[in-house]
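The structure appears below as structure tokens.
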Amino acid sequence: MKNSATAGVERDFPDWQVWLSRHGEYWGAVRRRPVPDLIPTIIMDSEEELRAALAEETANARRDG
């Protein structure tokens with residue numbers, strides 16, 4: 001499901017497509033352009049946890065890329 005919150009996360013992390021489960025229980029993100037050896041999908045319990053994981057994964061991709 002998409003909403004203004006998922007759009008906000010996508011604005012902050014443009015390399016990821018973000019979704020929210022139907023009942024709002026899970027947040028997920030999928031890389032728009034998959035990269036070998038990098039995590040393609042992240043699923044977390046909250047927007048805050050997803051943002052933290054995306055920030056960490058973005059930093060890892062810059063460091064390793």
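Note that these values count all heavy atoms, side chains included, but never hydrogens, waters or copies made by symmetry.
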_Qualifying residue for side chain to side chain contact (heavy atoms under 4.5 Å, CB included) with Trp27, from Thr6, Asp45, Ile43_ = Thr6

*Go through the steps to decide whether Arg51 and Phe13 satisfy the test side-chain contact (heavy atoms from CB on, under 4.5 Å), and finish with yes or no.*
CA-CA 8 Å; Arg51 284 180 172 277; Phe13 299 95; 4.0 Å; yes

*Donor-acceptor pair, Glu49 side chain versus Met44 backbone, under 3.5 Å?*
no

*Nearest heavy-atom pair of Leu54 and Ala29: which atoms, and what distance?*
CD2-CB, 3.8 Å

*Is there a donor-acceptor contact under 3.5 Å from the side chain of Lys2 to the main chain of Leu20?*
no

*Side-chain contact, heavy-atom cut-off 4.5 Å: Trp16 with Val9?*
no

_Reported CD-to-CD1 distance for the pair Glu56 and Ile42, which is rounded to 0.5 angstrom_ = 8.5 Å

_Check: Thr41 main-chain N/O paired with Arg31 side-chain donor or acceptor under 3.5 Å_ = no

*Considering non-hydrogen atoms only, spot the tightest contact between Trp19 and Tyr26 and give its length.*
CZ3-O, 4.0 Å

*Between Glu10 and Arg32, does at least one N-O distance fall below 4.0 Å, as a salt bridge requires?*
yes

*State whether Arg33 and Asp15 are salt-bridged, where the test is any N-O pair (Lys NZ or Arg NE/NH1/NH2 against Asp/Glu carboxylate O) under 4.0 Å.*
yes

